Amino acid sequence: MKKKFTIPTSASYAINTIVLLAIWGVITLMISSGVITNYWRGILITIGINIILATSLNLSCGYLGQLPLGHAGFMAVGAYAGAIFMKATPAAALIRSGNTLPVIPLFIIAVIISAVVAGIFGILIGIPALRLKGDYLAIITLGFGEIIRVVLTNIDSVLGFKFTYGAAGLARIPKFTSFNICYFMVILCIFIIHTFMKSRHGRAVLSIRENEIAAESVGINTTFYKTSAFVLSAMLAGVAGCLYAGYIGSLYPSTFKFMKSIEILVMVVLGGMGSMFGSVLAAIVLTALPELLRAFSDYRMVVYSLALVLMMIFRPEGLMGDYDFSLKRIIQKIVNGINKRRNGNE
Amino acid sequence: MSKTVLKCEHLRVVFGGLAPVSDFSIEVKENEIAGLIGPNGAGKTTVFNLLTGVYVPTKGKVILDGKDLEGYSTIQRSHAGIARTFQNIRLFKNVSVLDNVLIGYNHSMKYSMISSILRLPKYWREEKAAKAKALELLSVFDMQGMAKIKAGNLPYGAQRRLEIVRALATNPKLLLLDEPAAGMNPAETTALMETIRKIRDEFNIAILLIEHDMSLVMGICEEITVLNFGEVIARGTPSDIQNNPTVIEAYLGTKREE
Ligand SMILES: Nc1ncnc2c1ncn2[C@@H]1O[C@H](COP(=O)(O)OP(=O)(O)OP(=O)(O)O)[C@@H](O)[C@H]1O
Ligand SMILES: [Mg+2]
């Protein structure tokens, strides 16, 4: 029998990089030539932000098997942290003068601040909730999401100076989130989740979802890994928040209501818990579809709920189940298929 | 003389007034296969749960390789060298057979999260080595061909074997098997006996097994401890046990002459 065709790992990394660069090139070309309007470029950025939110929630929901209900809270924390930092820098003036290059290091610092601040909140909530066995995380994150919103609304009167600008909103945030930045942040976040999951640490996270008692019996430090996955998930939500702040330009606490968390959860559940590809696909579809069906936007929540109910009945494991897209595997399958047919004809 | 791996002294646990294990002592040596038998509800699984730290004993000591394990959690006991299988199989069903074994290796692998996210050389080196080791371990049990299958899709007998392989991946000094032959047909049971002997010979560990299948227990155990109502009622070689009237009574009830 002929040896099966396999792509070496380094080559598959190269292929993926080339494909992602090609997609980026095509979209950039379409933007500069006006095929993609400003309006749709905005939607692309929103899609990118939602992809980060969905894939990061999938980490603690699909891979770790917990049910966090306050993802929007971490997004809010990241958004405000990044925005307050960026407002304190000369980023706005730089962007206005068209000198965007020095904004990039500022943006990198902002993203790191957002991730760290969201991560700290993740640790504060994760450690007490995840030490316990059972669904305490759902309740605690639900509470956290609501508390954060209330705090963001009222903290100024406690502090005695303007910090988050309460319900009036934090306005005039430098609009640093370009399509390019968003695109590469999406890839970076997906890469981080992917490499984390395809490692001994990721396997440990899966083992907890699969059987916590067995995981402990083989020496997996369950509290450590639960907290790690949850904190990473929170940090990436913070990154998404930072991108959102730099895209939208003004932040209101009411944006990060409970329904926002549910929206993200719907993406994960529809895509298939534990499938990163599913999360990406669902984030794209559920962001683009309402735009295409603008006339029915009032019914968005009805459609979401309906889709969720139908999904639970007919395909409870989600669209993609736990299938994960791999270009390498697809190419191998095609080549092996061709080889087989050719050998068969000989 | 080979050294003592496990020593238990007067273990006792009380749940709300009831003591499923009231007084349990045992010694298991390196390269020994010891058996733990007793009627249903005698407290055998509870003994395993005490040894592995799932329950905290009300009284008594567990000493592994000379070290007192008091205050050790399940996780720490695994790191100290106790591995187990479960009466009702507990595999990581939705991950591959290979990954099940690799999860067992997790503690012996050292690369950090940063190494895995940045894919540093350390990651590649350790992953490659661990994968090779896991495949080798699987091949000892004729399972290398199943490496990519999801554990939940394995046939029943293979699932039981995989649980043993996963336990061995933690590099234990003591292996606890809770009814490894449960649900197996006689041919599978015979094969399992060979497997257990092979583990003892190739891995140089102590094995303590709970089993209801007497052909297996009598066939491979050097020493058998009999538990009834949480207490040790007899201990000895298989032939001693088979002829012990207390044991016969515990299993069959009082003999009725007809
Ligand atoms: N956590 C617990 N709380 C209260 N009672 C318990 C607990 N765990 C075990 N028991 C009781 O202890 C007794 C012994 O149970 P155990 O599972 O150890 O029996 P076993 O010897 O393994 O039996 P089998 O052969 O059926 O597996 C049972 O009566 C059980 O109900
Ligand atoms: Mg039992």
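The model shown is predicted, which means the values in this text are computed figures rather than measured ones. Note: hydrogens, waters and symmetry copies are ignored here, and every other heavy atom, side chains too, is used. Convention: sequence-line order gives letters A, B, ...; per-chain numbering from 1.
Ring pair B:H79/B:H107 is parallel by interplanar angle, where below 30° counts as parallel and above 60° as perpendicular. The aromatic rings of A:H201 and A:F196 sit parallel, their planes meeting at an angle under 30°, below the 60° perpendicular limit.
Salt-bridge formation is not detected for the pair B:D178/B:K44: no Lys NZ or Arg NE/NH1/NH2 atom is positioned less than 4.0 Å from an Asp or Glu carboxylate oxygen.
Counting heavy atoms of neighbouring residues, nucleotides and ligands inside a 6.0 Å radius, atom NZ of B:K131 does not exceed 12 of them.
Of the atoms belonging to B:S112, it is backbone heavy atoms, and not side-chain ones, that fall under 4.5 Å from chain A. Both the backbone and the side chain of A:I192 come within contact range of chain B, judged by heavy atoms closer than 4.5 Å. For chain B, the nearby parts of A:I213 are the backbone and the side chain; heavy atoms of each come within less than 4.5 Å. Using a 4.5 Å cut-off between heavy atoms, B:L91 touches chain A through its backbone atoms (N, CA, C, O) alone. Within the 4.5 angstrom heavy-atom criterion, atoms from both the backbone and the side chain of A:T222 approach chain B. For B:R166, the parts lying near chain A are the backbone and the side chain together; criterion is any non-hydrogen pair under 4.5 Å.
Of the listed residues (A:S199, A:G274, A:A204), the one with the most heavy-atom contacts under 4.5 Å to chain B is A:S199. By number of non-hydrogen pairs under 4.5 angstrom with chain A, the leading residue of B:V54, B:T170, B:T74 is B:T74. Per-residue heavy-atom pair counts under 4.5 Å with chain B were compared for A:I220, A:L206, A:N221, and the maximum is reached by A:I220.
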A:L53 vs A:H71, side-chain contact (heavy atoms from CB on, under 4.5 Å): CA-CA, chis, key distance, verdict: CA-CA 8 Å; A:L53 287 169; A:H71 216 51; 4.2 Å; yes
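Here A:Y225 and A:Y63 keep their ring centres 6.0 angstrom or further from each other.
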